[in-house]
Amino acid sequence: MSAESVTCQRPVLRRRLQSCRNDASEVDVAVIGSGAGGGPLAFWRSRAGLQVLVVDKGPDYHRGDYGHDELFAALNPSFLLPSVRRDPHVLVTVGQITKASRSNFGWIASCVGGGTAHMGGAFYRLHPDDFRLRARFGEFEETVDWPYSYDDLEPYYGIAEREIGVSGAGGTNPYEGPRSSEYPMPPLANLAFATRFDAACRHLGLHPFPTPRAVNSIPYNGRPACEYCAFCAGYGCHVGARGSTQEALLPRAVGTRRCEVRSGAMVREVTVGADRRATGCLYVDDLGVIHRVRARVVCVCCSAVESARLLLLSTSPAFPNGLANGTGLVGRHLQFHIGSYGRGECRSADVFGLSRTRGLLLRSLADFYFMPSGATVYPKGGLHRFELEAVHPIAVAQHIALEGNAPVWGHALKRRLWEHFHESRTVRFEVFQDFVPNNRTFVELDPEVTDQWGLPVARIHLSDLDHHSAAGKWLTERGLEVLEAVGARDAASAGIGVTTSVMAHGTCRGGTDPRTSVVNAFCQAQEVPNLFVVDGSFMPTSGGAPSTLTILANSFRTADWILANRRSF
Ligand SMILES: Cc1cc2nc3c(=O)[nH]c(=O)nc-3n(C[C@H](O)[C@H](O)[C@H](O)COP(=O)(O)OP(=O)(O)OC[C@H]3O[C@@H](n4cnc5c(N)ncnc54)[C@H](O)[C@@H]3O)c2cc1C
Ligand code: SF4
């Protein structure tokens, strides 16, 4: 791809780098990135007595920085994400858009807490068969089995649910694997409509269950309960009720006095010694000063796209193609998630009942996690989550103005908005589906575009599969049947087989064979014994459920293994 083919190529404000400063002492563990992958490592290891330094490129926000302002969010897209101008990704969509374009596709967050600072927090465990898809269903594209099983991760799912704070009702999802511990909190409050919803689903032979959420339903671990403010996904939590790593883990890590968190610290290289072991990292602070960190163990937790980018940037005579990339596999097998959506209108009176108490619909279905044979070429389905559409006037007005065959404006738009907010509420569902790993979807260093520090950015090659939309269509039809059964009018699809990049996986695939994997079953790089890649990069397959709980659980598991084995590497 030539430089000319990169659209929207504006000149980047190139910032000047200053001389290098060396940290005086060596830490036990350097954790690069403070999101779902980095947070547990920092907390678990500092609590066990190790000296930990966390470095994150983004700012360190606090509760008071998070407002309930849709206008502010619309006007400040780089509050939680990096600026597309200074810190873009380049996206090449195979077979659809021929030109590469600057984008923030694939960026989950750039702030302390990473994506957990502004996630919705729907927190499901993966199904036991997610860990052995190839064994169960045979070969399909680049699908492989995980190097460990659900049973190996199960205790750590429990630890993650307890330490982050997940509210839910164990045992209500009949398709979930065995669990050895109950959720630490009961589910969030649900609206009167949930009872009607449950009855309609059961009439269809389905098994609705309360959506588990990384949100406090009661005061928990020193943080308050949710206020049901409706500015959740896409916004920081102003009271700290959501279990971000920034709220639930990092303060406790810092409280041990063995952990320091440095924000505004963009790591540009993981350094290695003559013995091919990681020695630490180099980061650039907001003023352009380069700092050298020395560490006995280095954990890369920058999210699947950025972790691969950092390893590819870290070249040396020992690793000319990028750190731990002797196989050329770093960046391959990139996966996101596939989403399909539907919505319908329900009467406000039905939704809220007589008492207008605060709460959520909070319902999920796992009945279609696997599809009957014949639905598509591959039987992997997904998970349905039903919720009221958030009352965000700008988004609702945009949607209503554009939803029909012709745009609506003026008096007609005002009338429709009045009806929308006073007489009905939109119930929507989203289906989380696997993004099937394939050899056309991967990340590499861009040959032309650089960030504000002059470093090559990540170029994402994205290839969709017919299966994604075929499965999405089948799953959407099942969701619409549910909406009709609960009495929703105008039930319709709102997007089928859409790639959502807020969850990213697979670029440093975990496995048992060093020839076909970048890290082993404990996220240890196959080629560098004291280097760990601990975020979604590890996951061989994405699962058909949001993956953050799995990333957190895997990080706790890795942290335990590092502590037990650190003298051997
Ligand atoms: C709007 C939204 C809603 C979501 N809702 C849900 C949900 O309901 N359920 C769910 O399970 N998941 C949800 N997610 C996804 C969830 O946020 C991610 O799965 C999770 O945060 C991924 O963790 P990670 O550690 O891989 O990456 P991140 O959490 O993104 O953490 C990576 C960190 O690394 C830092 N970093 C990157 N590069 C560098 C570098 N070179 N040097 C230093 N620091 C660096 C970044 O600033 C960031 O803090 C949502 C995400 C978004 C954005
Ligand atoms: S108060 Fe509740 S609804 Fe509002 S942002 Fe926090 S967790 Fe989400």
Side-chain angles (χ1 to χ4, degrees), residues 31-41 54-60 63 66 68 80-82 87 106-124 167 188 211-217 223-247 262-270 281-284 300-307 309-310 313 336-337 358 360 385 390 430 432 451 453 455 458 500-505 507 533-539 542-543 545-552 554-555:
V31 176
I32 308 170
S34 62
L41 275 169
V54 181
V55 280
D56 197 291
K57 73 192 284 291
D60 191 5
R63 294 178 191 178
Y66 300 132
H68 286 176
L80 294 158
L81 290 170
D87 230 350
W107 270 114
I108 300 171
S110 179
C111 60
V112 171
T116 66
H118 62 141
M119 64 179 178
F123 260 32
Y124 309 88
S167 52
L188 290 157
T211 303
R213 297 278 306 272
V215 172
N216 287 0
S217 57
R223 295 181 290 114
C226 174
E227 293 186 345
Y228 302 95
C229 72
F231 281 81
C232 215
Y235 295 84
C237 180
H238 62 299
V239 293
R242 188 167 51 215
S244 65
T245 56
Q246 179 200 25
E247 282 287 350
R262 286 186 203 161
S263 56
M266 159 73 190
V267 176
R268 48 176 296 159
E269 183 183 336
V270 176
C281 64
L282 293 177
Y283 74 82
V284 192
V300 177
C301 316
C302 300
S303 80
V305 171
E306 288 299 309
S307 287
R309 176 189 174 211
L310 180 56
L313 284 173
F336 297 103
H337 254 140
R358 292 189 300 178
L360 305 164
R385 183 176 79 91
E430 57 185 325
F432 301 100
D451 68 6
W453 302 116
L455 301 169
T500 53
S501 74
V502 297
M503 286 168 238
H505 321 95
T507 53
V533 187
V534 196
D535 52 23
S537 310
F538 159 83
M539 293 171 64
S542 67
S547 49
T548 310
L549 177 63
T550 300
I551 295 173
L552 289 157
N554 179 62
S555 179

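This one's a predicted model, so the numbers in the text were calculated from it and none came from an experiment. Because only heavy atoms are used, hydrogens play no part in the values below, and waters and symmetry mates are left out as well, while side chains stay in. Start at 1 and go down the list; that is how both ligands and their atoms are numbered.
With respect to atom 5 (N) of ligand 1, the closest heavy atom belonging to the protein is Gly120 N, 3.0 Å. Protein heavy atom in closest approach to atom 7 (S) of ligand 2: Val215 CG1, 3.6 Å. When hydrogens are left out, the protein atom nearest atom 4 (Fe) of ligand 2 is Cys229 SG, 2.3 Å; that is the closest non-hydrogen contact. Here the protein heavy atom with the shortest distance to atom 1 (S) of ligand 2 is Glu227 N, 3.3 Å. Here the heavy atom of the protein found nearest to atom 40 (C) of ligand 1 is Val267 N, 3.7 Å. Of the protein's non-hydrogen atoms, the one nearest atom 7 (C) of ligand 1 is Gly121 N, 3.4 Å. Distance from atom 6 (Fe) of ligand 2 to its nearest protein heavy atom, with residue and atom name: Cys237 SG, 2.3 Å. In this structure, the protein non-hydrogen atom closest to atom 36 (N) of ligand 1 is Lys57 CD, 3.7 Å. Looking from atom 26 (O) of ligand 1 to the surrounding protein, the closest heavy atom is Asp535 CB, 3.3 Å. Protein heavy atom in closest approach to atom 12 (N) of ligand 1: Thr548 OG1, 2.6 Å. Scanning the protein for heavy atoms near atom 2 (Fe) of ligand 2, the closest one is Cys226 SG, 2.4 Å. When hydrogens are left out, the protein atom nearest atom 14 (N) of ligand 1 is Met119 CB, 3.7 Å; that is the closest non-hydrogen contact.
For ligand 1, the atoms lying closer than 4.0 Å to a non-hydrogen atom of Gly234 are 1 (C). Heavy-atom proximity to Phe231, at under 4.0 Å, picks out these atoms of ligand 2: 5 (S). Those atoms of ligand 1 with a heavy atom of Pro546 less than 4.0 angstrom away are 9 (N), 10 (C), 11 (O). Shown in contact with Met503 at under 4.0 Å from a heavy atom are these atoms of ligand 1, numbered in order with element: 12 (N), 13 (C), 15 (C), 19 (O). Under a 4.0 Å criterion applied to the non-hydrogen atoms of Thr116, ligand 1 contributes the atoms 17 (O), 21 (O). Within ligand 1, counting atoms from 1 as listed, the ones closer than 4.0 Å to a heavy atom of Gly536 are 26 (O). Every atom of ligand 1 with a heavy atom of Cys301 under 4.0 Å away is listed here by number and element: 32 (C), 33 (C), 34 (O). Using a 4.0 Å cut-off to heavy atoms of Gly37, the atoms of ligand 1 that qualify are 25 (O).
The aromatic rings of Phe231 and His68 lie parallel to each other, their planes meeting at an angle below 30°, with 60° marking the opposite boundary.
For Cys232, the nearest N, O or S atom to atom 8 (Fe) of ligand 2 falls under 2.8 Å.
Side-chain atoms of Thr211 never come within 3.5 Å of backbone atoms of Ala122 as a donor-acceptor pair (strictly under, hydrogens ignored). Without hydrogens or angle criteria, Trp453 side chain to Met266 main chain gives no donor-acceptor distance under 3.5 Å. Between the side chain of Arg268 and the backbone N or O of Leu313, no donor-acceptor pair lies under 3.5 Å. Of the possible polar contacts, one joining the Ser167 side chain to the Val215 backbone as a donor-acceptor pair under 3.5 Å is found.
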Decide yes or no on side-chain contact (heavy atoms from CB on, under 4.5 Å) for Arg223 and Arg63, but give the supporting numbers first.
-> CA-CA 12 Å; Arg223 295 181 290 114; Arg63 294 178 191 178; 3.9 Å; yes

Could you walk me through whether Leu455 and Val284 pass the side-chain contact (heavy atoms from CB on, under 4.5 Å) test, one step at a time?
-> CA-CA 11 Å; Leu455 301 169; Val284 192; 5.7 Å; no

side-chain contact (heavy atoms from CB on, under 4.5 Å) assessment of Ile551 paired with Met539 | CA-CA 8 Å; Ile551 295 173; Met539 293 171 64; 4.0 Å; yes

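Put simply, CD1 on Ile108 and OG1 on Thr116 are 10.5 Å apart, with the number rounded to the nearest 0.5 Å.
One option in Asp56, Val502, Val284, Val215 has a heavy atom closer to atom 46 (C) of ligand 1 than any other, and that option is Asp56. Looking at Ala122, Ser303, Ser537, it is Ser303 that brings a heavy atom closest to atom 27 (O) of ligand 1. The closest non-hydrogen atom to atom 28 (P) of ligand 1, taken over Gly115, Ala504, Ala265, comes from Gly115.
Nearest heavy-atom pair, Asp87 versus Trp107, reported as atom, atom and distance to 0.1 Å: O-NE1, 2.9 Å. Of all heavy-atom pairs spanning Ala36 and Thr548, the tightest one is CB-CG2, 3.6 Å. For the pair Glu247 and Arg242, the tightest heavy-atom approach, listed with the atom from each and the gap, is CB-O, 3.9 Å.
Ligand 2 lies nowhere less than 4.0 angstrom from a heavy atom belonging to Tyr235.
At a heavy-atom distance under 4.0 Å, atoms from both the backbone and the side chain of His118 approach ligand 1.
In this structure, Lys57 does not pair ionically with Asp451, as no charged nitrogen and carboxylate oxygen lie closer than 4.0 Å.
Side-chain contact check for Arg262 and Tyr283: at least one donor-acceptor pair (N or O, by modelled atom type) lies under 3.5 Å. Looking at Asp56 and Ser34, their side chains do bring a donor and an acceptor atom within 3.5 Å of each other.
Checked against Asp535 for a side-chain hydrogen bond (donor to acceptor under 3.5 Å, both in side chains), the options Ser547, Ser555, Ser303, Ser307 give a single hit: Ser307.
Every N/O-N/O distance between Gly38 and ligand 1 stays at or above 3.5 Å.
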